[in-house]
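I have placed the structure first, in the form of structure tokens, so that the comments after it can refer back to it.
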Amino acid sequence: MARLIDGKALAANLRQSVSEKVELLKAEHGLIPGLAVVLVGDNDASQVYVRNKIIQTSQAGMNSFHNKLAAGVTESELLDLIERMNADPLVHGILVQLPLPDHINAEIVINSILPQKDVDGFHALNVGLLNIGMDSLIPCTPLGCMQLLKSNDEDLSGKNAVIIGRSNIVGKPLATLLLQENCTVTIAHSRTRDLKTICQQADILVSAVGKAHIVKGHWVKPGATVIDVGINRIKSETGKSQLVGDIEFAEAEKVAGAITPVPGGVGPMTIASLLQNTLKAACSQHEVRIPE
Ligand code: NAD
């Protein structure tokens, strides 16, 4: 039976460590990191994510600024808001919750955030810096995945890593991070042929697709480490709504060496990584070291 990689517990430790560092920053430099979150419209899932981010930011002792905009807000009104937050010295991190309504160009919005305040790590400059191995703000979900993997095995060098999903938010940055750890990385996607055979070669298997149980238990190599990024809402046999990942958990845990659950795996680590990024952004904007 696989070891369960407990993202909830790891995230709680990380949040505790961030809040201790925030306390030190306040005491030593009078600096309080601030995160501004922008939510456009009424997407149910986005509202839940934003609420959790706001609560956890405050619990970590940081300033939390919430901007809720109507679905009909224009792109230029949103850009004006970002410009004000870029100039606001109390705001060290800016996060625009995705997806945005169709009439707003997400690429333009993301790239209007000052790179040093881009705590989601989606700005083209941060993407480029990550790719050439320079210090940058790293997207929160891949950063969380790496911490989950490292908690299970410090040395990832030489391992075959297979990531299913090639999004800019998860798959691509995670591939870069795994490459930096000297993994041999394969990115699979919707056009990949014979996904099963590719998965069966993975020492590290990450799924970021968003389709319930697309990865079958017998696709998992015995002893592999399995990270399930997918979040899918399905109806259970009893008719109740239930959150599941991309991986057939019950079957996969019989063969894997270690596996993350959904919920309680990658999700909590994503928010904890966001707090880490906000702390890093605040310290770098004020040219102080992150407290040890
Ligand atoms: P996306 O839709 O941008 O990308 C999905 C990827 O899956 C694409 O690259 C596509 O090529 C690939 N894909 C689709 N069908 C496939 C198939 N049949 N076989 C192989 N690959 C296939 O999604 P995303 O934003 O990267 O998110 C992926 C999943 O991760 C979603 O369920 C999302 O909710 C979840 N997610 C979770 C967190 C978290 O914090 N836990 C964060 C971000 C995303």
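From a predicted model like this one, the values you see are computed outputs, not experimental measurements. The chain is numbered in sequence order, starting from 1. Because only heavy atoms are used, hydrogens play no part in the values below, and waters and symmetry mates are left out as well, while side chains stay in. All ligand and atom numbering here is 1-based and tracks the order in the structure.
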Does D246 reach the main-chain N or O of I214 with its side chain, forming a donor-acceptor pair under 3.5 Å?
no

For I164, which part has a heavy atom under 4.0 Å from ligand 1: side chain, backbone, both, or neither?
side chain

Measure the distance from [atom] to every protein heavy atom, then report the residue, atom name and distance (to 0.1 Å) of the closest one.
atom	value
atom 9 (O) of ligand 1	R166 N, 2.8 Å
atom 7 (O) of ligand 1	V209 CA, 3.5 Å
atom 3 (O) of ligand 1	S167 CB, 3.4 Å
atom 33 (C) of ligand 1	I231 N, 4.3 Å
atom 30 (O) of ligand 1	V229 O, 3.5 Å
atom 15 (N) of ligand 1	K211 NZ, 3.1 Å
atom 20 (C) of ligand 1	H189 O, 3.2 Å
atom 39 (C) of ligand 1	T270 OG1, 3.7 Å

Just checking, any donor-acceptor pair under 3.5 angstrom between side chains of E77 and T74?
yes

Please check if any side-chain donor atom of Q47 sits under 3.5 Å from a side-chain acceptor atom of Q97, or the reverse.
no

Looking at E292 and R289, what are the two nearest heavy atoms and their distance?
OE2-NH2, 4.1 Å

Looking at every non-hydrogen atom in both residues, tell me the closest pair between Q285 and H92 and how far apart they are.
NE2-O, 2.9 Å

Which residue pairs pass the side-chain hydrogen bond (donor to acceptor under 3.5 Å, both in side chains) test when at least one of the two sits in residues 104-121, sequence neighbours left out?
D118-N126

Under a 4.0 angstrom heavy-atom cut-off, which atoms of ligand 1 come close to G267?
40 (O), 41 (N)

G165 neighbourhood, listing ligand 1 atoms whose heavy-atom distance to it stays under 4.0 Å:
6 (C), 7 (O), 9 (O)

Of the choices G144, G230, G245, S190, which has the non-hydrogen atom that lies closest to atom 16 (C) of ligand 1?
S190

Which is closest to atom 18 (N) of ligand 1 in terms of heavy atoms, T141, V215, D246, I214?
I214

Is any NZ, NE, NH1 or NH2 atom of the basic residue among K150 and E181 found under 4.0 Å from an Asp or Glu carboxylate oxygen of the other?
yes

Heavy-atom gap A208 to ligand 1 smaller than 4.0 Å
yes

Which residues satisfy the salt bridge (charged side-chain N to carboxylate O under 4.0 Å, His left out) test with D155, sequence neighbours excluded?
none

Chi angles and distances behind the side chain to side chain contact (heavy atoms under 4.5 Å, CB included) call for V266, C145
CA-CA 6 Å; V266 175; C145 290; 4.1 Å; yes

